[in-house]
Amino acid sequence: MSKQLILLGPPGVGVKTQAIALAKRWDVAYLTGDALMDDGKADDGGMQAIRRWLEQPDIMLKGWILGGFPRSLAEAEHFDALLASFDLTADVVYLKAMTGLLINRMVARKAAGETVGSIRKRLADYEAETVPLLAYYEGQRSAEDGARSRLITINASRSVAEVTSELAQLGEEHAGAARFVKDESELDSLIEKEALLVVDCIASWCGPCKLVTPLIDRLAEEYGERVSVVKLDFDSNKQVSKRFGLKGMPSVMFFKAGELSRTLTGVKPYKAYSELLMDLF
């Protein structure tokens with residue numbers, strides 16, 4: 001599944017950091033608006049540079065992340081027209097953080113001559129410029145899920161790792177029949193309430209995991225009415241591995257009546273997963 005994502009946020013929120021981290025996890029290319037701007041605006045040359053970037057075969061096939069661009073309503077409309085020419089669209093994520101937190105972050109690394117007052121003004125100017133931009137995206141429907149807005153807002157007042165984890169899961173929510181569990185708390189809730197539960201514990205860096213994922217999605221499609229089948233991101237839930245004694249990735253755990261019954265580690269044929277599940281009915 002190709003992933004296209006526009007990542008926006010105010011100064012100090014870490015848009016570039018998140019774009020780089022997410023691109024690594026998704027194994028896609030990224031481009032930040034800083035490389036395209038002159039005096040804070042993208043000129044025709046910048047748009048042409050984006051077009052050439054998008055035309056690269058690997059980027060067209062696998063997807064991309066664009067960080068910190070567009071910055072205005074006019075740029076957003078221009079960029080949407082460019083995407084439409086490729087028959088593409090992209091969801092938009094806005095990283096929202098408390099103003100006081102952003103000021104503290106920026107003060108800690110402020111350049112010579114910059115004051116708290118100038119930082120406040122930068123944040124205020126950014127907010128004023130992006131109000132119409134965010135309203136534009138908020139009013140559009142997602143191509144992946146027409147029931148929700150194209151704009152997704154994420155709480156970026158949390159740690160870098162927590163924000164990256166939530167961003168990574170956005171790209172997987174519609175990638176298969178088995179949905180992602182967000183954290184250990186949600187997993188515990190499922191273990192407690194589901195009579196039968198299958199948990200595919202995977203990691204973005206794990207090549208064999210990519211072979212197992214479509215098998216787990218098939219399991220969810222065939223048995224979804226009788227069994228809850230989910231995926232769990234190992235990188236964001238490393239304590240789960242120790243808790244259940246997982247020996248490697250991928251690991252598929254089978255729970256019955258709140259207890260771990262079996263764990264299959266490594267790549268197995270689909271028959272191994274389905275037969276084990278049938279034994280638990």
Side-chain angles (χ1 to χ4, degrees), residues 3-34 63-69 71 90-111 114 116 119-120 122-124 126-127 130 134 137 148-149 151-175 179-190 199-206 209 230-244 246 249 251:
K3 300 181 178 74
Q4 291 87 223
L5 188 69
I6 296 170
L7 193 59
L8 303 175
V13 82
V15 168
K16 183 175 181 178
T17 298
Q18 291 296 346
I20 294 171
L22 187 58
K24 183 177 180 180
R25 290 185 67 158
W26 281 359
D27 190 26
V28 299
Y30 76 91
L31 185 66
T32 58
D34 293 343
W64 45 266
I65 297 168
L66 186 56
F69 179 84
R71 294 187 182 182
D91 276 341
V92 182
V93 172
Y94 181 68
L95 302 179
K96 184 176 182 179
M98 296 181 293
T99 300
L101 177 63
L102 294 175
I103 291 174
N104 289 339
R105 288 177 180 174
M106 296 170 73
V107 165
R109 57 176 185 263
K110 66 182 180 180
E114 191 171 34
V116 172
I119 290 173
R120 287 186 181 278
R122 283 177 61 194
L123 291 171
Y126 178 87
E127 182 177 358
T130 54
L134 298 180
Y137 287 131
R148 69 170 173 81
S149 169
L151 179 68
I152 302 165
T153 300
I154 285 181
N155 175 13
S157 295
R158 299 169 297 165
S159 70
V160 171
E162 288 175 310
V163 175
T164 305
S165 175
E166 186 169 349
L167 285 169
Q169 291 175 30
L170 290 175
E172 306 296 342
E173 286 179 354
H174 306 289
R179 68 179 181 85
F180 265 85
V181 173
K182 291 185 177 180
D183 52 35
E184 190 174 8
S185 176
E186 185 179 357
L187 174 63
D188 287 341
S189 177
L190 289 172
V199 182
D200 181 17
C201 193
I202 61 177
S204 58
W205 44 261
C206 170
C209 294
V230 299
K231 302 167 188 171
L232 184 73
D233 180 18
F234 170 81
D235 288 329
S236 303
N237 299 277
K238 293 183 179 179
Q239 69 282 1
V240 171
S241 176
K242 182 177 180 180
R243 173 182 169 186
F244 292 108
L246 303 184
M249 294 289 113
S251 289

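Starting from 1, each residue takes its place in the sequence as its number.
- Looking only at side-chain heavy atoms (C-beta outward), Y94 and L151 come within less than 4.5 Å of each other.
- Each of D188, V199, L232, N237 was compared with V181 under the side chain to side chain contact (heavy atoms under 4.5 Å, CB included) criterion, and only L232 meets it.
- The shortest non-hydrogen separation linking G9 to Y126 is O-OH, 3.1 Å.
- Residue Q4 holds its CD atom at 9.5 Å from CG of D91, rounded to the nearest 0.5 Å.
- Expressed to the nearest 0.5 Å, how far CG of L22 lies from CD1 of I20 amounts to 11.0 Å.
- Heavy-atom neighbours of E127 CD from other residues, nucleotides or ligands within 6.0 Å: at or below the threshold of 12.
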Please report the C-alpha distance between T130 and L8 in whole Å, then the side-chain angles of each, then the deciding distance to 0.1 Å, and finally whether the side chain to side chain contact (heavy atoms under 4.5 Å, CB included) criterion is met.
CA-CA 10 Å; T130 54; L8 303 175; over 6 Å; no
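- Two residues are said to be in side-chain contact when any heavy atoms from C-beta on lie closer than 4.5 Å; L5 and V93 meet this criterion.
- Annotation for Y30 and A19: closest pair CB-O, 4.1 Å, computed over non-hydrogen atoms.
- Partners of S185 according to the side chain to side chain donor-acceptor pair (under 3.5 Å) rule, which considers only residues two or more places apart in sequence or in another chain, do not exist here.
- Separation of atoms OG1 (T32) and CZ (F69) is listed at 11.5 Å; rounding is to 0.5 Å.
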Given side chain to side chain contact (heavy atoms under 4.5 Å, CB included), test R109 with R105 step by step and report yes or no.
CA-CA 7 Å; R109 57 176 185 263; R105 288 177 180 174; 4.1 Å; yes
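- In terms of heavy-atom proximity, G68 sits nearest to V15 at N-CG1, 3.5 Å.
- If you take CD on Q239 and CG on D183, they are separated by 9.0 Å, rounding to the nearest 0.5 Å.
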Begin from the C-alpha positions of L167 and L7 and carry the test side chain to side chain contact (heavy atoms under 4.5 Å, CB included) through to its verdict.
CA-CA 10 Å; L167 285 169; L7 193 59; 3.9 Å; yes
Step by step, would you call T164 with Q18 a side chain to side chain contact (heavy atoms under 4.5 Å, CB included)?
CA-CA 6 Å; T164 305; Q18 291 296 346; 2.5 Å; yes
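- The minimum heavy-atom distance linking P11 with R122 is given by the pair CB-NH2, 3.7 Å.
- Taking the side chain as every heavy atom from C-beta outward, D233 and R25 approach each other to under 4.5 Å.
- Other residues, nucleotides and ligands contribute only 12 or fewer heavy atoms inside 6.0 Å of the CZ atom of R120.
- A pairwise comparison of heavy atoms in M98 and S157 identifies N-OG, 3.1 Å as the closest pair.
- Closest approach of I65 to A23, counting heavy atoms only: CD1-N, 3.4 Å.
- In this structure, CG in D200 is found 9.0 Å from OG in S251, a value given to the nearest 0.5 Å.
- One finds the NZ atom of K238 at 13.5 Å from the CG atom of L246 (value rounded to the nearest 0.5 Å).
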